[in-house]
Amino acid sequence: MEQHYKLFRVRELAEGDEEFINILAQTFLEEVPADAQTLKESVENNNHLATYQTAHKMKPTIDMFELGVLEDLIEVQDWGKHEKVGVDILPKLQIVLAAVKQASDEIRSDFNL
């Protein structure tokens, strides 16, 4: 449990409310993998605006669940925001996508979702 994510901040926010923690875990699974797929497609299509918007949307959740890839996600976001043509952002994107997959699989298992 909690190998690829951490619940410290989630537990702080929930103030001991286990039902709320469960809801946050469910919400993570409903939103973050879908956003990661959108992020992947945006980068692949060189859609800088969509990349920026999606990465920006993902940041608070990635930070709250402490996936350990916030800085990588910010680099992807900045690639989109500053339209960094000629910069290979794929390695950073792959790090983010792998972290989201690992955390999602683990949360699904840990919370029986």
Side-chain angles (χ1 to χ4, degrees):
M1 185 166 186
E2 294 186 46
Q3 183 178 355
H4 295 100
Y5 71 98
K6 303 291 182 252
L7 288 178
F8 178 76
R9 290 183 183 160
V10 173
R11 290 191 190 288
E12 254 186 4
L13 180 67
E15 297 179 341
D17 184 343
E18 290 299 319
E19 184 178 337
F20 185 60
I21 292 169
N22 202 357
I23 290 169
L24 289 175
Q26 288 175 10
T27 302
F28 180 99
L29 292 176
E30 290 168 5
E31 293 184 9
V32 177
D35 287 342
Q37 181 61 35
T38 300
L39 187 65
K40 179 181 183 285
E41 292 169 3
S42 298
V43 170
E44 288 173 350
N45 294 320
N46 285 314
N47 186 334
H48 290 95
L49 179 59
T51 298
Y52 166 71
Q53 290 173 334
T54 305
H56 186 72
K57 177 184 175 203
M58 292 173 71
K59 279 189 332 187
T61 307
I62 296 295
D63 188 34
M64 183 170 54
F65 278 84
E66 299 183 64
L67 270 60
V69 295
L70 184 61
E71 294 303 318
D72 299 298
L73 182 59
I74 289 170
E75 285 189 49
V76 174
Q77 173 191 271
D78 288 349
W79 176 87
K81 182 178 183 179
H82 301 295
E83 298 185 20
K84 295 183 177 180
V85 178
V87 172
D88 183 10
I89 200 63
L90 287 177
K92 294 296 182 179
L93 175 66
Q94 291 305 321
I95 291 169
V96 172
L97 296 177
V100 167
K101 169 122 180 53
Q102 290 171 326
S104 297
D105 290 347
E106 192 173 340
I107 289 169
R108 194 172 288 107
S109 173
D110 291 348
F111 287 87
N112 297 314
L113 300 172

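These numbers come from a predicted model, not from an experiment.
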A.B. asks: Do the non-hydrogen side-chain atoms of Leu24 and Leu13 ever get within less than 4.5 Å of each other?
C.D. replies: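 Answer yes - side chains close enough.
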A.B. asks: Does atom CD of Glu15 have more than 12 heavy-atom neighbours, drawn from other residues, nucleotides or ligands, at distances under 6.0 Å?
C.D. replies: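 Result for CD/Glu15: open.
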A.B. asks: Check Leu97, Val43, Asp72 against Lys92 for a side-chain contact (heavy atoms from CB on, under 4.5 Å) and give me the one that passes.
C.D. replies: Asp72
A.B. asks: How long is the span from the CZ atom in Arg11 to the CG atom in Asp17, to the nearest 0.5 Å?
C.D. replies: 11.5 Å
A.B. asks: For Glu106, which residues count as a side chain to side chain donor-acceptor pair (under 3.5 Å) partner, sequence neighbours excluded?
C.D. replies: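 So Glu106 forms a side chain to side chain donor-acceptor pair (under 3.5 Å) with His4.
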A.B. asks: Atom OG1 in Thr54, atom CG in Leu39: separation rounded to 0.5 Å?
C.D. replies: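 Thr54 atom OG1 to Leu39 atom CG measures 6.0 Å (nearest 0.5 Å).
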A.B. asks: Are the side chain of Ser109 and the backbone of Asp105 linked by a donor-acceptor contact shorter than 3.5 Å?
C.D. replies: no
A.B. asks: Does some side-chain heavy atom of Tyr5 sit less than 4.5 Å from a side-chain heavy atom of Asp110?
C.D. replies: yes
A.B. asks: Do any N or O atoms from the side chain of Arg108 and from the backbone of Leu29 form a donor-acceptor pair under 3.5 angstrom?
C.D. replies: no
A.B. asks: Going by the rule side chain to side chain donor-acceptor pair (under 3.5 Å), which residues pair with Gln94 if we only count those two or more places apart in sequence or in a different chain?
C.D. replies: none
A.B. asks: Please report the shortest heavy-atom distance between Ala14 and Ile21, naming the atom on each side.
C.D. replies: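 For Ala14 and Ile21, the tightest heavy-atom pair comes out as CB-CG1, 3.5 Å.
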A.B. asks: With side-chain contact (heavy atoms from CB on, under 4.5 Å) as the criterion, how do Phe65 and Ile107 come out once you've worked through the C-alpha distance, each side chain's angles and the decisive distance to 0.1 Å?
C.D. replies: CA-CA 10 Å; Phe65 278 84; Ile107 289 169; 4.0 Å; yes
A.B. asks: Determine whether a donor-acceptor pair (N or O, by modelled atom type, separation under 3.5 Å) exists between the side chain of Lys6 and the backbone of Glu2.
C.D. replies: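 Such a contact is found between Lys6 side chain and Glu2 backbone.
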A.B. asks: Assigning hydrophobic clusters by single linkage (Ile, Leu, Val, Met, Phe, Trp, Tyr; side-chain heavy-atom cutoff under 4.5 Å), is Phe20 placed with Val32?
C.D. replies: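 In one cluster: yes.
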A.B. asks: Would Lys81 and Asp78 pass as an ion pair if we require N to O under 4.0 Å?
C.D. replies: no
A.B. asks: Transitively linked via ILVMFWY side-chain contacts under 4.5 Å: Val87 with Ile95?
C.D. replies: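 Linked, Val87 and Ile95 end up in one cluster.
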A.B. asks: Any link between Leu49 and Val76 through a network of hydrophobic side chains (Ile, Leu, Val, Met, Phe, Trp, Tyr) touching at under 4.5 Å?
C.D. replies: no
A.B. asks: Decide yes or no on side-chain contact (heavy atoms from CB on, under 4.5 Å) for Asn22 and Gln26, but give the supporting numbers first.
C.D. replies: CA-CA 6 Å; Asn22 202 357; Gln26 288 175 10; 3.9 Å; yes
A.B. asks: Say you draw a straight line from CD of Glu83 to CG of Asn47; how long is it, rounded to the nearest 0.5 Å?
C.D. replies: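 Between Glu83 CD and Asn47 CG, I get 9.5 Å after rounding to 0.5 Å.
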A.B. asks: If a pair satisfies ring pair (Phe, Tyr, Trp, His ring centres under 6.0 Å) and one of its residues is in residues 78-113, list it, with sequence neighbours excluded.
C.D. replies: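 Only His48-Trp79 qualify under ring pair (Phe, Tyr, Trp, His ring centres under 6.0 Å).
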A.B. asks: Please check if Val100 and Leu113 belong to a single hydrophobic cluster, counting links between Ile, Leu, Val, Met, Phe, Trp and Tyr side chain heavy atoms closer than 4.5 Å.
C.D. replies: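 Shared cluster, yes.
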A.B. asks: Rounded to the nearest 0.5 Å, what's the gap from CE on Met64 to CZ on Arg9? Could you check?
C.D. replies: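 The CE atom of Met64 sits 10.0 Å away from the CZ atom of Arg9.
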A.B. asks: Would you indicate whether Lys101, at its atom NZ, is surrounded by more than 12 heavy atoms from other residues, nucleotides or ligands within a distance under 6.0 Å?
C.D. replies: no
A.B. asks: Does Ile62 reach the side chain of Val96, with side-chain heavy atoms less than 4.5 Å apart?
C.D. replies: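 With C-beta onward as the side chain, the pair stays apart.
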A.B. asks: So, for Leu93 and Lys40, which heavy atoms are closest and what is the spacing to 0.1 Å?
C.D. replies: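 Minimum heavy-atom separation between Leu93 and Lys40: CD2-CA, 4.0 Å.
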A.B. asks: Would Leu67 and Phe28 count as a side-chain contact (heavy atoms from CB on, under 4.5 Å) if you check the C-alpha gap in whole Å, the side-chain angles of each, and the deciding distance to 0.1 Å?
C.D. replies: CA-CA 12 Å; Leu67 270 60; Phe28 180 99; 4.1 Å; yes
A.B. asks: Do Phe8 and Val10 share a hydrophobic cluster, counting only Ile, Leu, Val, Met, Phe, Trp and Tyr and linking them when any side-chain heavy atoms are less than 4.5 Å apart?
C.D. replies: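 Different clusters: Phe8 never reaches Val10 through Ile, Leu, Val, Met, Phe, Trp or Tyr contacts under 4.5 Å.
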A.B. asks: So how far is it from Thr38 OG1 to Gln53 CD, rounded to the nearest 0.5 Å?
C.D. replies: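 Output value for this atom pair is 11.0 Å.
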A.B. asks: Could you check whether any side-chain N or O of Asn45 sits under 3.5 Å from a backbone N or O of Glu41, counting only pairs where one atom can act as donor and the other as acceptor?
C.D. replies: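 Yes, because the side chain of Asn45 sits within donor-acceptor range (under 3.5 Å) of the backbone of Glu41.
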A.B. asks: Test side-chain contact (heavy atoms from CB on, under 4.5 Å) on Ile89 and Thr51 and set out the steps.
C.D. replies: CA-CA 11 Å; Ile89 200 63; Thr51 298; over 6 Å; no
